[in-house]
Amino acid sequence: MVKLRLKRYGRKQRAVYRIVAIDVRSRREGRDLGKVGFYDPITNQTYLNVPAILYFLEKGAQPTETVQDIFKKVEILKEFLPKLNKI
């Protein structure tokens, strides 16, 4: 199973995260299938590659709770639901 989850980068006390598609059995810093976004909790910056996110969601990837909260803030899931109804 593939999940969309956070991968930690940065230094101590200054973590930044990449949002990646990764196999469930991999560790947090393991090899990812694709990078789909970036999140900095300190400055509250978010960059998302929406076509890549929608691609992985259509293939059955499940976002973690934290990633799902990030998606809700920028309303990505609203874009995903109409595309599923067309297929």
Side-chain angles (χ1 to χ4, degrees):
M1 177 197 258
V2 176
K3 284 210 176 235
L4 297 175
R5 67 183 188 195
L6 298 175
K7 190 173 187 180
R8 190 179 196 275
Y9 283 90
R11 58 185 179 176
K12 286 194 254 182
Q13 305 297 318
R14 185 68 175 96
V16 293
Y17 299 92
R18 286 187 186 160
I19 301 170
V20 296
I22 194 166
D23 187 26
V24 174
R25 297 168 291 190
S26 297
R27 56 197 172 106
R28 184 182 68 191
E29 282 86 21
R31 174 175 256 160
D32 53 51
L33 302 172
K35 296 171 184 67
V36 296
F38 171 83
Y39 174 63
D40 185 353
I42 295 172
T43 61
N44 206 16
Q45 287 183 323
T46 305
Y47 166 76
L48 299 173
N49 184 354
V50 178
I53 291 169
L54 293 178
Y55 169 79
F56 282 111
L57 288 174
E58 287 172 355
K59 297 295 181 184
Q62 298 293 317
T64 60
E65 287 184 29
T66 307
V67 173
Q68 196 168 4
D69 291 341
I70 293 169
F71 289 170
K72 284 181 185 176
K73 285 182 186 176
V74 294
E75 300 177 352
I76 292 249
L77 297 178
K78 287 184 182 180
E79 294 179 18
F80 178 63
L81 293 175
K83 288 192 175 196
L84 275 181
N85 294 334
K86 290 180 184 177
I87 295 175

Test log, rule side chain to side chain contact (heavy atoms under 4.5 Å, CB included), inputs Lys73 and Thr46 = CA-CA 10 Å; Lys73 285 182 186 176; Thr46 305; over 6 Å; no
Under 4.5 Å between side-chain heavy atoms, hopping through other hydrophobics if needed: is there a path connecting Phe71 to Tyr55?
-> yes
According to a 4.5 Å side-chain heavy-atom criterion applied to Ile, Leu, Val, Met, Phe, Trp and Tyr, with indirect links allowed, do Ile70 and Phe38 form part of one hydrophobic cluster?
-> no
When you check the gap from the basic side-chain N to the acidic O, do Asp40 and Arg14 get nearer than 4.0 Å?
-> yes
Flag side-chain contact, heavy atom, 4.5 Å: [X] against [Y]:
X     : Y     : result
Tyr39 : Val67 : no
Val74 : Val50 : no
Leu6  : Ile19 : yes
Lys59 : Val2  : no

How far apart are the closest heavy atoms of [X] and [Y], and which atoms are they?
X     : Y     : answer
Pro63 : Leu57 : CD-CD2, 3.9 Å
Pro41 : Ala15 : CD-O, 3.7 Å
Val36 : Ala52 : CG1-CB, 3.8 Å
Leu4  : Ala61 : CG-CB, 4.3 Å
Arg5  : Val24 : NH1-O, 4.0 Å
Arg8  : Tyr17 : CA-CD2, 3.7 Å

Working to the nearest 0.5 Å, report the span between NZ of Lys7 and CD1 of Ile22.
-> 5.5 Å
